[in-house]
Amino acid sequence: MSTKRILTLARRVIQQLAADRRTVALILIVPLVVMTVAGILIRAESSPISIGIVMNDEGAVIPLGSRAVNLGQNLSDNLGGLNDSFRVEVMDAETARARLDAGDLDAVISLPADFSAQAVQTRELNIPVEYEGSNPMTARLLEGMLTRAAVQTLAGLTLIGGLDLTTPPVHLQATYRYGSADFDTMDYLAPVFIGLFVFLFVFILTSVAFLRERSAGTLERLQATPIRRAEIVTGYMLGFALFALAQSLIILGYTIWGLNVHYTGSLAVIFVVEFLLALMAVNLGIFFSTFARNEFQVVQFIPLVIVTQILLSGALWPIKDMPAWLQPVAWLMPLTHANRALRDVMIKGFDLAQIAPFVLALAAFAAVFVALAAQTVRRGAGA
Amino acid sequence: MAYAVEITDVHKRFKAVHALRGLSLHIERGITYGLLGPNGAGKTTLIRIMLGLLPPDSGEVRVLGTRMPNKAVLRRLGYMPQQAALYDDLTVRQNIEFFAVVGGLNGDVRRAADEAIALVDLSERATSRVRELSGGMKQRCSLACALVHQPEVLLLDEPTVGVDPQLRVQFWQHFRHLNEQGVTLIVSSHVMDEAERCDRLGFIRGGLLLAEGTASELRQRAGTATLEEAFLQFAEEAAAGSQLPVASL
Ligand SMILES: Nc1ncnc2c1ncn2[C@@H]1O[C@H](COP(=O)(O)OP(=O)(O)O)[C@@H](O)[C@H]1O
Ligand SMILES: [Mg+2]
């Protein structure tokens, strides 16, 4: 071991790094950006769980003491008073259905006319609840809270009189608008992974491939042939899109049959979304390769382009929980639209028409990135 | 329209560097024209401007009668860059066939590739990946890629750098052969002994054309015995005229 040689080598490493201004800037700034975004998201208050109550309960008279009670009303009040993180609204059945379909409500409790009467008669509380079901964590949380509210309701009833002091059983008759009781967190996250991997790998592969094309001089050689910029970009898109679809097929197959993730939608629709994601990633890769002089710099774009996007894309934190000013930024991320589309297809079984807004947004992003990429191809190796 | 290339008063600046300073040059068809000059003279810049890869700041460039940049004319041009610009992960044949199609070859790609491979004597390595080739082999593969689509004008940027003497002789034989078929070759070099083989020469230095003519004309005009001395002579004259320092080769 020669200290002198080691020190010389260390100095060379530092000199090289320092000469690469962009790398230094990225190393210093990117972590701050990523941590700022993560901090905002983690500290953001999650929005309340919304419950719609369809109230048809006509109440009942307790035989002993002839007191009139409306257990449905009591349950509704107790739920609302439980916790700040619940929002309880009473509405008619149609509104409730529409808002549940739209994912606007997390659950609907429909109380029949004889809700109180049944309870008084059978000494059991049967609560019909329909969960929205996309996010299994919300359903679990709701389940616990609902049981607590029901127990409180019954406790009140016991105080009012009549019934014996043992608390009667509470039954949640749960149904799911989307998903089912077997849905777990993996079912919620898998659609996001499926989109993310295609985007990530195609982005990295294209940036590196195009960077090599620039540094090896083959791009300049191509430019000295009759091939057009649009043809180069389209050729890259086609090549990588096919590759991405093969990758999607394997990931999807493994997710569904290997990991037993539930999926209800059509495979074809998933591939449409994956294809658009791949197109975007190819063009974004070509675009960013202009700003990188070497593979090292390409790698540094990953935290900036990918990690920030994952944080903001609603993959882990719902967009409606983000601060109001951040939500438009989130919708500017292509992955946000892809995640929504893929979740809607896989969990809710939506068809292409139902996810059209997200697919159109993805197509628009792809078009913008194609234009950007075609512009950057013009700029040759050293021109 | 006897000219393959007509360059009139071309200027090109890269930030601080004035790479071409009002250079004019006419190259007839069917000959081998040598662009001779030291490193940094502006040879590569000039070739890239001829191909329309770089826009000149001012001046006019016509190739085969058409003002550059022009995509359609590129079909009739072949370019061998100074660095062996090839796809390392592909085989020799895959590279050559790719550039045949992209270059706009009409006709049988396989046959054209076979011919090009034979021409550069790589038949035995046709299925080797470029990554596995020696420097000279890469250079040969690069030449094959430049001429596989049968261009009318070939622009070769220092094609013989790193090529061994025996192969260099072969290259020049090919070039002669191409001339006989009517192909114009524009070859840049900083090696003077190669210059003798060109039909005409342009001495380039500091972005200017110092002198132009056949090898013997240039020697005669400079009154020197060798081309090397002739180049230095012209460089000195130019320096006396402007404030350029004397050439060092
Ligand atoms: N892309 C570029 N950016 C900045 N300077 C350049 C660029 N290309 C060439 N130059 C400069 O222009 C001059 C001529 O370069 P070049 O044409 O490559 O010379 P040659 O090929 O004769 O060696 C050199 O000083 C070189 O540094
Ligand atoms: Mg050069």
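Every chain is numbered from 1 and lettered A, B, ... according to where its sequence line falls, protein lines coming before strand lines.
Neither the backbone nor the side chain of B:Ala72 comes within contact range of chain A; no heavy atom of the residue lies under 4.5 Å from a heavy atom of that chain. For a residue to count as touching a neighbouring chain, one of its non-hydrogen atoms must lie under 4.5 Å from one of that chain's; by this rule B:Thr44 does not touch chain A. Only the side chain of A:Glu213 comes within contact range of chain B, with heavy atoms under 4.5 Å apart. At a 4.5 Å heavy-atom cutoff, the contact between B:Leu51 and chain A is made by side-chain atoms alone.
Heavy-atom neighbours of B:Arg131 CZ from other residues, nucleotides or ligands within 6.0 Å: above the threshold of 12. Atom CZ of B:Arg176 sits in a crowded spot, with more than 12 heavy atoms from other residues, nucleotides or ligands closer than 6.0 Å. Within a 6.0 Å radius of CD in B:Glu124, no more than 12 heavy atoms belonging to other residues, nucleotides or ligands are found. More than 12 heavy-atom neighbours from other residues, nucleotides or ligands sit within 6.0 angstrom of CZ on A:Phe271. The local environment of CZ in B:Phe175 is crowded, with over 12 non-hydrogen atoms from other residues, nucleotides or ligands closer than 6.0 Å.
Scanning residues 8-19 of chain A against chain B with a 4.5 Å non-hydrogen threshold yields no residues. Chain A is approached within less than 4.5 Å, heavy atom to heavy atom, by B:Phe98, B:Phe99, B:Val102, B:Gly103 from residues 95-106 of chain B, ordered by number.
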*asked:* Before you tell me yes or no, could you show the steps for A:Arg221 and B:Leu86 under side chain to side chain contact (heavy atoms under 4.5 Å, CB included), namely the whole-Å CA-CA distance, both residues' side-chain angles and the distance that decides it to 0.1 Å?
replied: CA-CA 9 Å; A:Arg221 196 166 203 155; B:Leu86 299 166; 3.9 Å; yes
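Between A:Glu220 and B:Leu53, the shortest heavy-atom contact is CG-CD1, 3.4 Å. Nearest heavy-atom pair, A:Gln223 versus B:Lys71, reported as atom, atom and distance to 0.1 Å: O-NZ, 3.5 Å.
Each of B:Ala85, B:Pro81, B:Ala146 has some count of heavy-atom pairs under 4.5 Å with chain A, and the biggest count is that of B:Ala85.
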